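Keep in mind that what you see is a predicted model, and the values were worked out from it rather than measured.
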Amino acid sequence: METWAASGIPALRDPREFVLELHQRHLPQPGTVVIAVLDASHRLNASASFAPWPRHTDGWQHRNAILTHLRQVTPHDLRRAAPVRTAVLLRCREGAAGWTAQDGAWMWALQDAAALHGLRCGSYITLSPAGWQILADGRGGRDPHAGSWADGPVHTVTELPPRSALDGTRGQRPLRQAERPWAPARVAAIEPGRRTGTR
């Protein structure tokens, strides 16, 4: 933690609003990681959420996962003389709000992935049942917390094709797959995918 605090991590200008925005975009549940990229003006430029394999506990594995998702949502800045954009990581997890060994592995992974993608390393944020906290920064709050995802909108299928259209009527042979009539089901409006780019 001391090394992290001494490495010149740029502070978030409005951490509460930033955490709320990320939470509204991705609704992370415990076990979910959100990687975000801020532009030179500290505005959210791109973000992606993912659930790493539970058996992956090594910093190298975390680094590779972060890099994979960074490459999918934003081009690298390796040709720049100095980093302009900043990578920030939010990890939603169970347990106490304080630092853990796994937080240390994710912090190292964020630093290394940011450097390999030509970005500055930014804040590392945990979302626990007690609320959100920026480790090595001291800032935090009660909301959102690790259970706040349950308060988000639920998207459900509102209409399905009638069963008879798929199975045929009673007393008749079921239609083969190629003969079955098909109509697209209507679904409720769905927000943009959890992987987002805001450029």
- Message: Quick check: do R91 and Q102 have side-chain heavy atoms less than 4.5 Å from each other?
- Response: yes
- Message: Do L110 and V88 have side chains that approach each other closer than 4.5 Å (heavy atoms only, starting at C-beta)?
- Response: no
- Query: Is there a side-chain contact between P129 and H145 (heavy atoms, below 4.5 Å)?
  - Reply: no
- For I134 and P15, which heavy atoms make the closest approach, and how far apart are they? CD1-CB, 3.6 Å
- Side-chain heavy atoms of V37 within contact of T86, under 4.5 Å: no
- Task: Treating Ile, Leu, Val, Met, Phe, Trp and Tyr as nodes and any side-chain heavy-atom pair under 4.5 angstrom as an edge, say whether L44 and V34 lie in one connected cluster.
- Result: yes
- Task: Kindly give the heavy-atom pair with the smallest separation between S128 and A96, and that separation in Å.
- Result: CB-O, 4.3 Å
- All salt bridge (charged side-chain N to carboxylate O under 4.0 Å, His left out) counterparts of R93, not counting sequence neighbours: D103
- Query: What pair of heavy atoms forms the shortest contact from G31 to P52, and how long is it?
  - Reply: O-CD, 3.4 Å
- Query: Are the side chain of E21 and the backbone of F18 linked by a donor-acceptor contact shorter than 3.5 Å?
  - Reply: no
- If you measure from CG on L135 to CD1 on I9, what distance do you get to the nearest 0.5 Å? 11.5 Å
- Query: Is any NZ, NE, NH1 or NH2 atom of the basic residue among D39 and R85 found under 4.0 Å from an Asp or Glu carboxylate oxygen of the other?
  - Reply: no
- Roughly how far, to the nearest 0.5 Å, is CH2 of W99 from CD of Q133? 13.0 Å
- Message: If you compare all heavy atoms of H62 against all heavy atoms of A109, which two are closest, and at what distance to 0.1 Å?
- Response: CB-CB, 3.5 Å
- Aromatic ring pairing F50/W106, orientation class (parallel under 30°, perpendicular over 60°, tilted between): tilted
- Query: Residues in salt bridge (charged side-chain N to carboxylate O under 4.0 Å, His left out) with R13, at least two apart?
  - Reply: none
- Quick one: CH2 on W132 to CG on L127, what's the gap to the nearest 0.5 Å? 10.0 Å
- Would you indicate whether the side-chain heavy atoms of L20 and E17 approach each other to under 4.5 Å? yes
- Please answer whether the main-chain N or O of T74 pairs with a side-chain N or O of H117 as donor and acceptor at a distance below 3.5 Å. yes
- Message: Working to the nearest 0.5 angstrom, can you tell me the gap between R63 CZ and L70 CG?
- Response: 12.0 Å
- Message: Quick one about S47 and H26 (side-chain donor to acceptor, distance below 3.5 Å, no hydrogens or angles considered), yes or no?
- Response: yes
- Query: Hey, what do you get for CG (L89) to CG (L22), rounding to the nearest 0.5 Å?
  - Reply: 9.5 Å
- Between atom CG of L119 and atom CD1 of I66, what is the distance when rounded to the nearest 0.5 Å? 11.5 Å
- Query: Taking the side chain as C-beta and beyond, is there a heavy-atom pair between H69 and V33 under 4.5 Å?
  - Reply: no
- Which atoms form the tightest heavy-atom contact between A48 and V73, and what is the distance? CB-CG1, 3.9 Å
- Any idea which heavy atoms bring A40 and V84 closest together, and the distance? CB-CG1, 3.4 Å
- Query: Mind checking whether C92 and Q29 have side chains closer than 4.5 Å, heavy atoms only?
  - Reply: no
- Query: Do H42 side-chain atoms and L38 backbone N/O form a donor-acceptor pair below 3.5 Å?
  - Reply: no
- Task: Answer yes or no: is there a side-chain heavy-atom contact under 4.5 Å between P83 and D77?
- Result: no
